[in-house]
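For reference, the structure discussed in these notes is given below.
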Amino acid sequence: MFIFTHRRMAITGEDVTLDDIIPVSHNFAIVEVSSPDELAIIGADTRVRVTDSDRDLELRLPFGSHTRLFLSEVNRSWSEVCKKCPTEVPASQFEWLTKYRRSTKGTSTDSLSAVLLQTPSSRKQSGKLSLADRKGHPASVENNVDRRGRGEENRDDLVRSSSYMVSNKAQMLAMPQFGLRDNLIRSELLKKEEQYIYIKNFRFFLGTYNVNGQPPKESLQPWLGFPSDPPDIYCVGFQELDLSKEAFFFSDTPKEQEWMKAVLEGLHQDAKYAFVKLIRLVGIMLLFYVKNEHAEHISEVEAESVGTGIMGRMGNKGAVAIRFRFHNSDICVVNSHLAAHVEEFERRNQDFRDICSRIMFRQKDPGLSPLTILKHDVILWLGDLNYRICELEVDEVKNLIAKKDFETLQKFDQLRRQIKEEAVFSGFVEGEIMFQPTYKYNTGSDQWDSSEKCRVPAWCDRILWKGKQIQQLHYQSHMTLKTSDHKPVSSLMEIGIKVVNEEKYKKTFEEIVRNLDKMENECIPSVSLSGREFQFNDVKFMQEQTKILTIYNDGQVPCQFEFIQKLDESTFCKPWLMISPHQGFLAQGESVDIQLELYVNRSTATDLNSGRQQIEDILVLHLDRGKDYFISITGNYLPSCFGTSLQTLCHLREPIQDMPLETLQQLILMTSEEVSDPITEKPLDIPKEIWMMVDHLYRNASKQEDLFQQPGLRSEVGKIRDCLDTGTPDSLPGSNHSVAEALLLFLDALPEPVVCYSAYQQCLESCSNASQCKKVISSLPQCHKNVFNYLTAFLRELLKYSEYNQLDTSILATIFSAFLLRSSAKQEQAERKKTWDFLTHFLIPDHS
Amino acid sequence: MAKQYDVLFKLLLLGDSGVGKTCLLCRFTDNEFHSSHISTIGVDFKMKTLEIDGLKVRIQIWDTAGQERYQTITKQYYRRAQGIFLVYDITSERSFQHIMKWASDVDEYAPDQVQKILIGNKSDEDQKRQVATEQGNKLAKTYGMDFFETSACTNYNIKESFTRLTELVLQANKKELDVLRVPFGEELSVADLEEEEHQADVDNSSQKNCWC
Ligand SMILES: Nc1nc2c(ncn2[C@@H]2O[C@H](COP(=O)(O)OP(=O)(O)OP(=O)(O)O)[C@@H](O)[C@H]2O)c(=O)[nH]1
Ligand SMILES: [Mg+2]
């Protein structure tokens, strides 16, 4: 089982880090934990405990069917392990894991993504696990950062991985599925906000009222409608809307409608308001209205609630919150009812922290992590916070109130003290309290609580804020309302809101898009080449020429290159060219040498001799997701008797390279069409090149040991070729073995073998009959017949000196049958024997 | 603000060597101009985002080699284009004559519904003019194309002509686009869609599964 941690919402392989690998072995176990102190709530995370010989951890998996599926899969594979090997497995069985283990320590994303991409099924699992929260490390997010920031040697890692990220980001731009472009645009827009916004003040009315389960009995106008000018926005919070058990368990209450109606009627009379949102958790309700004219500037409205009551979940205490965007400011309004009782201030602090961490607003883009309360530009917090006045007796408190010495009284206010100690509401501001405590009165009066408990008066109902450009215009209670044992409190705030200048926004937006385009264009894979034209001069038969093409990755990303074929060609280059390597990978700034090797062999020589083909090609070098480069190959080929037909050669009285190219091409064209009509003069009986080689061997090599079996020298064969093709020097250079090899190469390169392809089948059929064989030969075209007879006569001559040259009929038949009788298709073993039989008939001495 | 979906179009620049294809592209994407002629030997492309009717349109512009000897190879790139610029140089009668040949190649090798516009570049070089504006207009009319005289040098009509061709492609693909109104964050190319129509759904959903 692979366990991943992630830095932010896992979008790509870069975002997750391999944290641990747990082999699903014999002593592995995964069990669901349901702690007795936590009610099973539908939708809650599934907590599992994973144990093996040296681990014990608790993980939280998101609620849902994929978690169920995952757990059942893990258990299934575990039971299979147990079935297969009922005894314990030695650790060595998991040796393959070491390669992954190494990567758990560093931040080698390479090997990590390898893991991620393994198989579709393993990918699925790791994806899910990456959402798992390791309970042992609640701060796994910070963990990563810490680990990197700590040591000196780790800093390198950070640098490297951050640069890796940059280039990767660019690469990913090209991958539409990641939606990265949109995210980048959004974050850039945020960064450049000050370029296109200006601040405009709006007035927010905030109200909080603990109604003690009472229905509305009087107009709320004195509370909500008191400002002289109508506020732009109303956020009105209630607590203890309904104290009945029904409301607690079934969450449905008629009070919701009643109070909503009362609020609507209580809003300022001089303006029209649009209702935007209501959220209620049992008795905690928050209503949100805006002036009609502002409605179109309200967007991204989300509401959430969180219970902090019994078992940390129930809704009798807790908070509701609404977030929204007003013009370009993100605003969050929280209405909370915190834990009661004088001594429970720590509990209230705890509630505050819980609310802050547990309320998460979903975002429109699922790729972004959920928004918490504290991530907003403006936070307005109201409610029955339940902080009391401590250390003073009831009478002392009432005394101070009577004297309106609120300043002294505030010194004993728990909330003021806790804020001062930075135990709660850090960063929040509360205005000066100039009104008497709002709790606890006898319902229906302005009298302090006269019940048995005789509660100490307290400022339970409060309004705080956090954010810039906020000014409180009023902060007061409303004594005239007598429905509840609390008095309602209101605060009128002037808040500077970021308003968009459409024209400037458009400009900024365009600029961002332009920059992104630029970045993207810079990140298109690109290379530079050492040359675009490669010229191969005086290319000769079987003489290789090599040129080097250097590809240098001058782009900002690694690239994958490949030579690709053209539209109607099946290969990426001509058959006489070899490209190696023809594909590969180049890191940034790296280069590679590509060998362009030109080599004309017997299968390409004929067309080059005839001019039907030229040394001419255009290579297309393609970069994956990038450009294509054209590379020209040019050159000239020196025609050679090698690869030229016997017919043509018989018409050549001069060395082939002394012939004007046009005459040669004309000749080849005509002879290939088997026009026996002599062009100028009577053709030669046999090509002079064959004569030169055979005559040379006849005169110098009859007694040569191992003739035709000992290879010649490459360089000498080349010189012999040049001599045959140019006529200089007068006599053939090189050793006997080289001449012998040249002869064989010559025969091998003939486009039409000495025994023509068309006669080949007949040869096989008549191979057992000597006179039939002779007949086949006599049916060959004149020059082929001549060459055949000439060569076999020469071979018979050689056999006369077999005591010197160690040749015998069998050896010569073996060698020469392969060159004289060639099949146009692939030769079978049985055919090989028949061609041998065929030739043997002509090598027997008495046959002449 | 732009709507939350993107489309990707592929446009292609065609015309004789030296008419200014690379310069047009450079001016449009990077707002740069180079007076030296470094002939394009290959096929190059750049990306640009345009906003048309509040729709974010990403265009991929392919710049091809104009030299004659590469023409057989560059033809194979026509297939992927949805819009084509046929470019000539107003100071070169010859490049104007060749438009016919380019147009007939386009007919043969480009997709049927490809959108074309005619560009007469180097309009700043009026003293060397060999092709009258009227001639360009007339030719465009016979082909049923829009016509722009441009100058990469003075940045005249550059954005206009690129925007116009993109609009034409957008219009021609309107039907498909309405189908393509996908949730934001995803981007589709009409060209790719033709080839991967059936795959797309499967891919999208599996992508979601494995990362979320
Ligand atoms: N005066 C003027 N010169 C231009 C203009 N556009 C391009 N040029 C010049 O024309 C020459 C060729 O421009 P390129 O853009 O490289 O030509 P191209 O069409 O890409 O040519 P190939 O890549 O060979 O197909 C360069 O010297 C440019 O400076 C223009 O609008 N006005
Ligand atoms: Mg160019």
Side-chain angles (χ1 to χ4, degrees), chain A residues 9-13 15-16 62 66 116 120 123-128 130-131 173-183 185 189 364-367 500 502 505-506 509-510 513-514 516-518 520-521 524 526 529 532-533 565-568 616 618 620-622 626-632, chain B residues 1-2 4-8 25-26 28-32 38-51 56-65 67 69-79 109 182-189 192 200 203-204 206-212:
Chain A
M9 196 70 177
I11 300 168
T12 74
D15 298 331
V16 296
H66 30 273
L116 285 169
R123 183 164 59 170
K124 238 176 173 176
Q125 292 184 0
S126 50
K128 255 170 254 144
S130 71
L131 283 182
L173 278 177
M175 299 178 202
Q177 63 270 38
F178 287 109
L180 188 69
R181 233 187 123 79
D182 279 311
N183 285 342
I185 292 178
L189 274 173
K364 201 162 62 173
D365 178 356
V500 173
E502 286 298 333
Y505 174 83
K506 203 166 170 229
F509 181 81
E510 278 169 4
V513 168
R514 202 164 43 238
L516 270 180
D517 281 349
K518 195 169 165 231
E520 193 174 358
N521 283 330
I524 293 173
S526 152
L529 306 177
R532 303 301 285 260
E533 305 234 3
Q565 65 212 49
K566 282 145 279 177
L567 198 52
D568 16 62
E616 234 175 54
I618 295 174
V620 182
L621 175 66
H622 171 72
K627 323 169 182 190
D628 288 359
Y629 298 80
F630 299 160
I631 295 147
S632 299
Chain B
M1 195 179 167
Q4 298 288 27
Y5 49 85
D6 280 354
V7 271
L8 178 70
L25 181 56
C26 251
F28 180 56
T29 57
D30 304 330
N31 200 16
E32 281 171 11
I38 300 162
S39 203
T40 309
I41 304 173
V43 176
D44 206 343
F45 74 90
K46 287 194 165 161
M47 304 291 303
K48 176 93 179 172
T49 307
L50 284 179
E51 210 183 307
K56 253 190 290 163
V57 184
R58 304 226 292 127
I59 53 177
Q60 195 173 57
I61 310 148
W62 294 79
D63 176 26
T64 60
Q67 285 180 41
R69 60 166 161 166
Y70 302 117
Q71 280 170 21
T72 47
I73 304 177
T74 48
K75 276 173 196 158
Q76 64 187 299
Y77 296 85
Y78 296 9
R79 202 175 43 93
Y109 293 97
V182 286
F184 82 118
E186 283 166 49
E187 176 183 292
L188 285 167
S189 143
D192 292 345
D203 281 351
N204 274 344
S206 64
Q207 204 102 45
K208 267 165 204 153
N209 277 346
C210 61
W211 292 118
C212 306

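A, B, ... follow the sequence lines: proteins, then strands. Residue 1 opens every chain.
- Of all heavy-atom pairs spanning A:S632 and B:Y70, the tightest one is OG-OH, 3.4 Å.
- Within the 4.5 Å cutoff, the side chain of B:V43 has no heavy atoms near those of the A:Y629 side chain.
- When the shell of 6.0 Å around NZ of A:K506 is examined, it contains 12 or fewer heavy atoms from other residues, nucleotides or ligands.
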**OP:** Decide yes or no on side chain to side chain donor-acceptor pair (under 3.5 Å) for B:T49 and A:R514, but give the supporting numbers first.
**Re:** CA-CA 7 Å; B:T49 307; A:R514 202 164 43 238; over 6 Å; no
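- Under the 4.5 Å side-chain criterion, counting only non-hydrogen atoms from C-beta, B:M47 is not in contact with A:K518.
- Of all the listed residues (A:V513, A:L621, A:I524, A:V620), the one sharing the greatest number of non-hydrogen pairs under 4.5 Å with chain B is A:I524.
- One side chain, B:Y77 or A:D628, offers a donor N or O that lies under 3.5 Å from an acceptor on the other.
- Looking at B:K48 and A:D517, no side-chain N of the basic residue comes within less than 4.0 Å of a carboxylate O on the acidic one, giving no salt bridge.
- Between B:R58 and A:E520 there is a salt bridge, with a side-chain nitrogen of the basic residue lying less than 4.0 Å from a carboxylate oxygen of the acidic one.
- Chosen from B:T72, B:I73, B:T29, B:I41, the residue pairing most often with chain A at heavy-atom distances under 4.5 Å is B:I41.
- Atoms NZ and CH2, from A:K627 and B:W62 in turn, are 11.0 Å apart once rounded to the nearest 0.5 Å.
- With salt bridges taken as basic N to acidic carboxylate O contacts below 4.0 Å, one links B:R69 and A:E533.
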